[in-house]
Amino acid sequence: MQVTEVANDGLKRAYTVSVPAADIAAERTRRLDELGRELRLPGFRPGKIPASVVKARYGQAVMSEVLEQSVNKATQQVVTDRGLRPALQPKIELVNFADGADLEFKVELELLPEIPMPDFAGIEVERLKAEPSDEQVNTTIETIAARNRKLEDLTEDRGAAKGEIAVCDFTGTLDGESEPFPGGSATDMQIEVAGAGFIPSFTEQLEGIKPGETRTINVSFPEEYGAKELAGKAAAFTVTCKGLKVPMNSPVDDELAKSMGFEDLTKLQEAVRGSLQQEYDNLSRLKVKRSLLDGLAERASFPVPEGMVEAEFAQIWQRVEADMKADRLDEDDKGKDEEVLKSDYRAIAERRIRLGLLLSEIGRTNNISVSADELSRAMRQEAARYPGQEQQVMEFFRKNPQAAENLRSPIFEEKVVDFMLELAKVSERNVAPDELSAAAAA
């Protein structure tokens with residue numbers, strides 16, 4: 001085999017490779033002989049099929065197979081002999097593969113860069129810590145009690161008051177049309193009078209309605225309404241009240257706790273406090289991780305493979321285009337032309353690839369890995385997100401190893417982050433939960 005380097009530009013390499021025709025022919029003959037011993041054809045004894053028959057019937061298919069295997073083997077040898085670390089699958093271009101001639105092809109590939117290790121001790125991050133107050137715990141439990149409140153039928157002869165529930169049938173039309181628009185009708189819908197969640201001013205107009213009464217409610221869909229065909233349009237709803245219900249507040253006591261599976265109110269309070277603390281700890285982790293990655297990004301100046309950046313950008317841009325079509329662009333992106341947006345998101349793609357390569361190299365050089373037990377635990381946690389379907393999810397992972405492997409990357413990343421936090425300068429500061437939430441969302 002003859003290999004000639006024809007390009008060496010940054011991380012890009014290109015080689016021409018020539019495999020002697022004699023090697024190709026020898027491998028083809030070997031495969032045809034092997035096939036002849038295995039074939040079973042009518043009129044021939046096993047193992048006695050003439051080579052000419054085997055070649056006539058299967059020569060072309062075997063030749064294709066031999067060429068593919070020869071290209072793959074030669075490409076792997078090029079990579080191994082030169083100690084190359086490809087960033088992506090090498091690109092192969094066949095130059096000559098005629099029968100009886102040398103096999104010639106070109107190999108183009110991008111290499112992983114040399115990645116210098118940053119000085120972790122020079123990275124300074126701040127870990128914000130927050131604890132739930134008694135007031136927050138009590139407020140959360142009161143919210144839980146409100147969600148678990150019971151509804152009782154109103155027996156008084158009066159109209160609906162704010163906060164009460166009107167059981168209604170309604171049909172909506174657009175801009176004075178006579179035919180109802182799709183999705184604009186409902187039966188036995190429970191609507192909180194003057195409550196949130198409907199079209200602005202809809203529920204407010206139900207105040208005072210009585211069972212058996214029919215009203216016409218006029219509203220306008222917001223300009224930013226999710227369904228574009230309705231956004232900004234005027235609508236009229238014919239609403240018939242079929243009954244009224246009054247929410248009965250559940251007292252915050254041991255009975256409420258027991259109805260939720262806890263021994264008493266104290267145990268419920270402990271569970272709520274623990275849940276809030278977990279939420280705050282997750283926000284703290286998010287903030288300190290982001291600060292750490294920002295510090296790493298400032299210290300990472302190595303080149304990145306263009307192919308990896310383009311692949312990452314393509315995935316990002318696909319989502320951006322979907323958001324543009326659905327009018328869901330972030331406020332910061334609205335008003336930017338497409339070229340500016342592409343430039344911004346290509347920079348984001350490059351940062352992601354650079355950080356990903358750096359984290360991978362940090363893990364590799366420091367022997368950080370994900371154990372089989374850790375991966376199994378992640379699979380069980382993922383399955384637990386689908387109550388009643390845990391067995392099916394675990395079976396899916398068993399039949400699709402790549403899906404299970406996709407769980408490995410986030411575990412690996414978190415372990416590398418933990419490793420770096422041990423070496424970085426981490427200060428701690430106690431803050432109120434609101435400050436922590438604002439910092440994490442910034």
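- Here the two rings, on Phe170 and Phe202, have centers that are under 6.0 Å apart.
- Distance alone, capped at 3.5 Å, places no donor-acceptor pair between the Asp330 side chain and the Asp332 backbone.
- Counting heavy atoms from C-beta outward, Leu128 and Tyr280 have side chains that stay 4.5 Å or more apart.
- Crowding of Lys399 atom NZ: a count of heavy atoms from other residues, nucleotides or ligands under 6.0 Å not exceeding 12.
- Contact of the Asp102 side chain with the Asn96 side chain is not registered, since no non-hydrogen atoms from C-beta on lie closer than 4.5 Å.
- If you check the side chains of Gln277 and Asp281, you find a donor sitting under 3.5 Å from an acceptor.
- For the side-chain hydrogen bond (donor to acceptor under 3.5 Å, both in side chains) with Asn282, the lone residue among Gln278, Glu279, Arg285 that qualifies is Gln278.
- One distance of note links OG of Ser291 with CG of Leu296; it measures 11.5 Å at 0.5 Å rounding.
- Between Ile217 atom CD1 and Ile199 atom CD1 the span is 9.5 Å, to the nearest 0.5 Å.
- The pair Glu177-Lys233 fails the salt-bridge criterion, with no side-chain N (NZ, NE, NH1 or NH2) lying under 4.0 Å from an Asp/Glu carboxylate O.
- Between the side chain of Ser360 and the main chain of Gly356, no donor-acceptor pair closer than 3.5 Å is present.
- Atom CD of residue Glu27 and atom CG of residue Leu67 lie 10.5 Å apart, to the nearest 0.5 angstrom.
- Ion pairing between a basic and an acidic side chain is recognised when a charged N comes within 4.0 Å of a carboxylate O; Glu68 and Arg31 show no such pairing.
- Sparse packing is recorded around CD of Glu131, with 12 or fewer heavy atoms of other residues, nucleotides or ligands lying under 6.0 Å away.
- In this structure, CE on Met1 lies 10.5 Å from CG on Leu103, to the nearest 0.5 angstrom.
- Side-chain contact, Thr80 with Gln76: a donor N or O sits under 3.5 Å from an acceptor N or O.
- Contact check for Phe397 versus Leu375: no side-chain heavy atoms found under the 4.5 Å cut-off.
- Nearest heavy-atom pair, Arg28 versus Gln60, reported as atom, atom and distance to 0.1 Å: NH2-N, 4.5 Å.
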Check: side chain to side chain contact (heavy atoms under 4.5 Å, CB included) between Tyr15 and Arg82: does it pass, once the steps are laid out?
Finding: CA-CA 12 Å; Tyr15 304 89; Arg82 287 158 180 74; 3.7 Å; yes
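- Here the closest non-hydrogen pair linking Ser18 and Pro20 is O-CD, 3.9 Å.
- For Asp294 and Arg351, the salt-bridge test passes: some basic side-chain N is under 4.0 Å from an acidic carboxylate O.
- Taking every heavy atom of both residues into account, Pro200 and Val219 meet most closely at O-CG1, 3.9 Å.
- No donor-acceptor pair closer than 3.5 Å links the side chain of Gln318 to the backbone N or O of Gln315.
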Item checked: Residue pair Glu435, Arg429: steps toward the salt bridge (Lys or Arg N to Asp or Glu O under 4.0 Å) verdict -> CA-CA 11 Å; Glu435 182 179 347; Arg429 180 163 62 95; 3.0 Å; yes
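- Atom CD of Glu414 sits in a crowded spot, with more than 12 heavy atoms from other residues, nucleotides or ligands closer than 6.0 Å.
- Lys129 NZ to Asn430 CG: the interatomic distance, rounded to the nearest 0.5 Å, is 6.5 Å.
- When all heavy atoms of Ala145 and Ser250 are compared, the pair lying nearest together is CB-O, 3.6 Å.
- Remark: side-chain polar atoms of Ser259 are paired, donor with acceptor, to backbone N or O of Leu256 under 3.5 angstrom.
- Within a 6.0 Å radius of NZ in Lys336, other residues, nucleotides and ligands contribute more than 12 heavy atoms.
- Ion pair Glu338/Lys342 flagged as a salt bridge, since at least one NZ, NE, NH1 or NH2 atom sits closer than 4.0 Å to an Asp/Glu carboxylate oxygen.
- Minimum interatomic distance between Val252 and Glu142 (heavy atoms only, all atoms of both residues): CG2-CG, 4.2 Å.
- Under a 3.5 Å cut-off, the side chain of Arg352 and the backbone N or O of Glu312 do not form any donor-acceptor pair.
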Check: Are Glu270 and Arg273 close enough, and set up right, to give a salt bridge (Lys or Arg N to Asp or Glu O under 4.0 Å), and what steps lead you there?
Finding: CA-CA 5 Å; Glu270 291 174 357; Arg273 187 180 299 277; over 6 Å; no
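- Ion pairing between a basic and an acidic side chain is recognised when a charged N comes within 4.0 Å of a carboxylate O; Lys91 and Glu93 show no such pairing.
- Using a 4.5 Å heavy-atom cutoff, the side chains of Arg147 and Thr143 are in contact.
- The main-chain N or O of Leu84 is never found under 3.5 Å from a side-chain atom of Arg13 such that the two would form a donor-acceptor pair.
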Check: Should Ile144 and Val272 be marked as a side chain to side chain contact (heavy atoms under 4.5 Å, CB included) after you check the CA-CA gap, both sets of side-chain angles, and the distance that decides it?
Finding: CA-CA 10 Å; Ile144 294 173; Val272 169; 4.1 Å; yes
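- Using a 4.5 Å cut-off on side-chain heavy atoms (C-beta onward), Val239 and Ile191 make no contact.
- Around the CD atom of Glu306, the shell of radius 6.0 Å holds no more than 12 heavy atoms that belong to other residues, nucleotides or ligands.
- Taking every heavy atom of both residues into account, Val137 and Gln269 meet most closely at CG1-O, 3.9 Å.
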Next item on the list: List the steps, then state whether salt bridge (Lys or Arg N to Asp or Glu O under 4.0 Å) holds for Lys415 with Glu374.
Entry: CA-CA 11 Å; Lys415 294 183 75 170; Glu374 289 171 325; 3.1 Å; yes
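- Summarising the local packing, NZ of Lys267 is surrounded by 12 or fewer heavy atoms from other residues, nucleotides or ligands at distances under 6.0 Å.
- Within 6.0 Å of CZ on Phe97 lie no more than 12 heavy atoms contributed by other residues, nucleotides or ligands.
- At least one side-chain heavy atom of Tyr225 sits under 4.5 Å from a side-chain heavy atom of Pro222.
- A heavy-atom distance below 4.5 Å is found between the side chains of Leu359 and Met420.
- In this structure the side chain of Leu357 reaches within 4.5 angstrom of the side chain of Pro305, judged on heavy atoms.
- Remark: Arg346 does not engage Glu350 in a salt bridge, criterion side-chain N to carboxylate O under 4.0 Å.
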Note to self: One pair to check against side chain to side chain contact (heavy atoms under 4.5 Å, CB included): Val426 and Leu292. What are the steps and the verdict?
What the structure shows: CA-CA 10 Å; Val426 183; Leu292 178 69; over 6 Å; no
Next item on the list: Please assess Ser437 against Leu283 for the test side chain to side chain contact (heavy atoms under 4.5 Å, CB included), listing each intermediate value before the final yes or no.
Entry: CA-CA 7 Å; Ser437 298; Leu283 289 176; 3.7 Å; yes
Item checked: Evaluation steps, salt bridge (Lys or Arg N to Asp or Glu O under 4.0 Å), between Glu321 and Lys325 -> CA-CA 6 Å; Glu321 286 186 314; Lys325 290 179 181 177; over 6 Å; no
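- Remark: Glu428 CD is packed, more than 12 non-hydrogen atoms of other residues, nucleotides or ligands lying under 6.0 Å away.
- Evaluation of the ring pair (Phe, Tyr, Trp, His ring centres under 6.0 Å) test over residues 287-339, restricted to residues two or more places apart or in two chains, returns Phe313-Trp317.
- Ile368 CD1 to Ile411 CD1: the interatomic distance, rounded to the nearest 0.5 Å, is 13.5 Å.
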